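We count ligands from 1, going down the list as the structure has it; atoms in each ligand are counted the same way. Just so it is clear, the structure is predicted and the values come from calculations on it, not from any experiment.
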Amino acid sequence: MLCIGVIALQGDVSEHVLAMQRALQGRGEVLEVRRPGQMAQCDGLVLPGGESTTICRQLESSGMAEELQRAAWSGVPILATCAGLVLVSKRIEGDGKVRPLGLMDIKIGRNAFGSQRESFEADLEVQGLEQPYRAVFIRAPAIVEVGEGVQVLARVGEAVVAARQKSILALAFHPELTSDMRFHQIFLKMLEA
Ligand code: GLN
């Protein structure tokens, strides 16, 4: 049985738990990770969307930031969405309010799509998927620079909105809010590989 931990400090935790349970189809269980020590039993981790400044603060004060870094460096697959994408990056434009975990060689622009487009949906052409994927964006960040080892999976205009580096899958949108489970399936394949 697989165990997937959803980092449950702030953000849309319950949506991620439900979506992952649906994707697992009985092949594993989902654990809400709130305390240091719980990550050790997880085969994969989800870093949800929410408010990256808040999640950053709570990860640091609980000691879970270092634990998450150690898990990532040891190869535990991580699905990072929206605020989670901000957190796994190496650099963030402007800002200074969020200290990223530096797990992925990317630079982030927070709220990159501007206030006039706070929320929107877009059909994405995704590398490796045959049919377009309808993605939900909410005050979304974008990846504005990618390092060499980063595989770009999808863009909106110039902005990169889905990417992978080794065992980290990072999305600017919310795969937990739609019924299309293809990104969860990509993540579970990474985990079973
Ligand atoms: N704009 C938020 C941030 O930078 C992310 C929004 C989201 O996760 N839906 O924290």
Side-chain angles (χ1 to χ4, degrees), residues 4-20 23 30 32-34 44-62 64-65 68-69 72 78-124 126 133-146 150 153-165 168-181 183-184 186-187:
I4 313 288
V6 175
I7 305 296
L9 298 173
Q10 190 268 339
D12 67 338
V13 173
S14 54
E15 289 84 351
H16 266 292
V17 170
L18 289 172
M20 191 55 78
V30 183
E32 293 191 15
V33 175
R34 300 178 192 284
L45 293 165
V46 178
L47 204 43
E51 183 49 51
S52 54
T53 49
T54 309
I55 301 174
C56 170
R57 220 178 313 119
Q58 297 194 2
L59 280 172
E60 287 179 350
S61 63
S62 64
M64 287 165 65
L68 195 53
Q69 284 168 321
I78 297 178
L79 172 63
T81 65
C82 207
L85 161 67
V86 175
L87 289 164
V88 295
S89 71
K90 268 209 172 121
R91 295 174 300 280
I92 302 172
E93 260 178 359
D95 207 83
K97 288 189 209 133
V98 183
R99 280 168 303 281
L101 296 165
L103 306 179
M104 200 168 165
D105 191 8
I106 51 175
K107 183 175 177 183
I108 297 298
R110 290 181 65 201
N111 304 313
F113 297 95
S115 54
Q116 75 279 25
R117 289 185 84 193
E118 286 242 307
S119 302
F120 63 97
E121 296 188 7
D123 288 315
L124 307 180
V126 181
Y133 175 93
R134 187 144 190 96
V136 174
F137 293 82
I138 304 168
R139 291 187 301 117
I143 301 172
V144 294
E145 280 175 29
V146 297
V150 178
L153 300 177
R155 296 176 190 266
V156 170
E158 290 294 293
V160 175
V161 294
R164 178 176 170 180
Q165 185 170 22
I168 303 179
L169 178 62
L171 312 175
F173 47 89
H174 290 268
E176 74 283 11
L177 296 183
T178 48
S179 57
D180 188 337
M181 303 310 285
F183 277 101
H184 281 79
I186 292 171
F187 177 67

note = In this structure, CD1 of I106 is separated from NZ of K90 (nearest 0.5 Å) by 10.0 Å
task = Say whether V86, considering both its backbone and side-chain N or O atoms, lies within less than 3.5 Å of an N or O atom on ligand 1.
result = no
task = Take E51 and R139 through the salt bridge (Lys or Arg N to Asp or Glu O under 4.0 Å) test and state the conclusion after the steps.
result = CA-CA 10 Å; E51 183 49 51; R139 291 187 301 117; 3.7 Å; yes
Identity of the nearest option to atom 5 (C) of ligand 1, non-hydrogen atoms only, from G50, G49, G11 = G50
query = When you measure from the side chain of Q69 to the backbone N and O of L101, does any donor-acceptor pair fall under 3.5 Å?
reply = yes
query = Does any N/O atom on T53 come nearer than 3.5 Å to any N/O atom on ligand 1?
reply = no
query = Aromatic rings F120 and F113: how do their planes relate, parallel, tilted or perpendicular, breaks at 30° and 60°?
reply = perpendicular
message = Below 4.0 Å, non-hydrogen atoms only: which portion of R110 touches ligand 1? Side chain, backbone, both or neither.
response = side chain
query = Would a distance-only check, ignoring hydrogens and angles, find a side-chain to backbone donor-acceptor pair under 3.5 Å from Q10 to G50?
reply = no
ask   = Any idea which protein heavy atom is nearest atom 1 (N) of ligand 1, and the distance to it?
value = N111 OD1, 2.7 Å
ask   = Which heavy atom of the protein is the closest neighbour of atom 7 (C) of ligand 1, given with residue, atom name and distance?
value = C82 SG, 2.8 Å
query = How far is atom 3 (C) of ligand 1 from its nearest protein heavy atom, and which residue and atom is that?
reply = S52 OG, 3.3 Å
query = Counting both backbone and side chain atoms, is some N or O of T81 under 3.5 Å from an N or O of ligand 1?
reply = no
request  = Could you tell me whether the side chain of F183 reaches within less than 4.5 Å of the side chain of T81, counting heavy atoms only?
outcome  = no
